[in-house]
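Computed from a prediction, not measured in an experiment: that's the story for all the values here.
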Amino acid sequence: MNSINNRPNNITELLERAQQIAGFTLQQVAQLNGLNAPENLRKKKGWIGQLLELHLGASAGSKPIQDFPELGVELKTIPINQQGKPLETTFVCVAPLTGNHGVTWQTSNIANKLQKVLWIPVLGEQEIPVAERIIGSPLLWQPSDEENAQLKQDWEELMDMIALGKVENITARHGKYLQLRPKAANNTIRTKAYGSEGQIIKVLPRGYYLKKAFTHQLLKNHFAI
DNA sequence: ACTTGATCATTT
DNA sequence: AAATGATCAAGT
């Protein structure tokens, strides 16, 4: 009774499917899909996310679209400890470093991705074997006005620096809730960006990440209701 | 202890 | 190279 080749028809179906595996271990879900959990995630960093995509019926692949385009939903797994505190930041999307003329927060790719997110917390402390990690209750989230404003403010600061050719001066310390960090296979990878004179330069690709304080806040808001 | 910067696998 | 899925691990 797994869900291979079986996409949910609506958000209710998707939520039901996610709720059904709350309390399951990763190995249980892996077995439902004919897989086995790896020893560790060192060389399988995206494994949990891909397992949940498979089980819930998301379209696979690396297309730059939402996981459930028909439903307008993005799927994110998030590792938490027993207290519900995120153990890692959350990658959202690659940051375009050129061609951002006229793009506003409202029209940005990142805001689009964060419109509606199905969060699936997973107890993920490193001392727990991957196979034994427990899946938590899913949370279908849409940013509140306040959360949207928080992200917009950080995004505008970062985007200003990118547009002004200062991308190499940006560190993970910029932004209170949204940060820009390297996103590449290794530090020899390069992509186009603007230099300080407006010329094209080659830099390490960057991605937008939600800091733990932000995701912790939204998880708490939900489970406090 | 915690965050920042680096890295791993896979697909297109 | 660029996008997806993220976590690792060095440095502070």
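- Note on ring orientation: taking the six-membered ring where Trp is involved, the planes of A/W141 and A/W119 are perpendicular (angle over 60°, cut-offs 30° and 60°).
- Rounding to whole angstrom units, CD1 of residue A/I65 and C1' of C/dA3 are separated by 11 Å.
- Near DNA chain B, defined here as any heavy-atom distance below 4.0 Å, the residues from residues 185-200 of chain A are A/A185, A/N186, A/N187, listed numerically.
- Counting non-hydrogen atoms of neighbouring residues, nucleotides and ligands closer than 6.0 angstrom, the CD atom of A/E70 exceeds 12 such neighbours.
- No more than 12 heavy atoms of other residues, nucleotides or ligands lie within 6.0 Å of NZ in A/K166, so this atom counts as exposed by the packing criterion.
- A donor and an acceptor atom, one from each side chain of A/R181 and A/T171, are nowhere located under 3.5 Å apart.
- Both A/L51 and A/F68 sit in one connected hydrophobic cluster of ILVMFWY residues. Membership requires side-chain heavy atoms under 4.5 Å apart, directly or through other members.
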Dump the intermediate steps for side chain to side chain donor-acceptor pair (under 3.5 Å) on A/Q153 and A/W105, then the final yes or no.
CA-CA 9 Å; A/Q153 184 173 343; A/W105 168 249; over 6 Å; no
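- Spacing between atom NZ of A/K43 and atom C1' of B/dA6 amounts to 14 Å, rounded to whole angstrom units.
- No side-chain donor-acceptor contact under 3.5 Å links A/Q28 and A/E132.
- Atom pair A/I120:CD1 and C/dG5:C1' shows a separation of 14 Å (rounding to whole Å applied).
- A heavy atom lying under 4.0 Å from DNA chain B marks none of the residues of residues 18-26 of chain A.
- Judged as a ring pair (Phe, Tyr, Trp, His ring centres under 6.0 Å), and not counting sequence neighbours, the contacts of A/Y177 are A/F214.
- Atoms CZ (A/R206) and P (B/dT7) sit 13 Å apart, rounded to a whole Å.
- Toward the 5' end of DNA chain C, the nearer of the two residues A/V92 and A/P205, judged by each one's closest nucleotide, is A/P205.
- If you measure from atom CD1 of A/I110 to atom C1' of C/dA3, you get 15 Å, rounded to the nearest angstrom.
- Summarising the geometry, the separation between CG on A/L210 and P on B/dT4 is reported as 14 Å, rounded to the nearest angstrom.
- There is no side-chain donor-acceptor pair under 3.5 Å between A/N36 and A/Q31.
- DNA chain B is contacted by A/T171, A/A172 of residues 160-172 of chain A, taking any non-hydrogen atom closer than 4.0 Å.
- Side chain of A/E13 to backbone of A/P8: no donor-acceptor contact under 3.5 angstrom is found.
- The shortest distance between the side-chain N/O atoms of A/K113 and the OP1/OP2 oxygens of C/dT4 is below 4.0 Å.
- When the options A/E168, A/R173, A/H174 are evaluated for a side chain to side chain contact (heavy atoms under 4.5 Å, CB included) with A/I170, the one that passes is A/H174.
- A/V94 and A/L210 fall into different hydrophobic clusters, where Ile, Leu, Val, Met, Phe, Trp and Tyr residues are linked whenever their side-chain heavy atoms come under 4.5 Å apart, directly or through other members.
- Between the side chain of A/N100 and the backbone N or O of A/V103 there is no donor-acceptor pair closer than 3.5 Å.
- Using a 4.5 Å heavy-atom cutoff, the side chains of A/D67 and A/L118 are not in contact.
- Rounded to 10°, the helix from B/dA1-C/dT12 to B/dT12-C/dA1 has 30° between the axis fitted to its first five pairs and the one fitted to its last five.
- Atom CH2 of A/W47 and atom C1' of B/dT7 are 20 Å apart (whole Å).
- Among the heavy atoms of the strands, none lies under 4.0 Å from A/Q66.
- A/E74 places its CD atom 9 Å from the C1' atom of C/dT4, with the value rounded to the nearest Å.
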Determine, stepwise, if the pair A/Q217 / A/E146 fulfils side chain to side chain donor-acceptor pair (under 3.5 Å).
CA-CA 12 Å; A/Q217 166 186 279; A/E146 185 187 357; 5.9 Å; no
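- Looking only at side-chain heavy atoms (C-beta outward), A/P86 and A/L219 come within less than 4.5 Å of each other.
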Summarise protein proximity over nucleotides 6-12 of chain C in one line of letters, 5' to 3': B for base, S for sugar-phosphate only, - for none, counting protein heavy atoms closer than 4.0 Å.
BBBS---
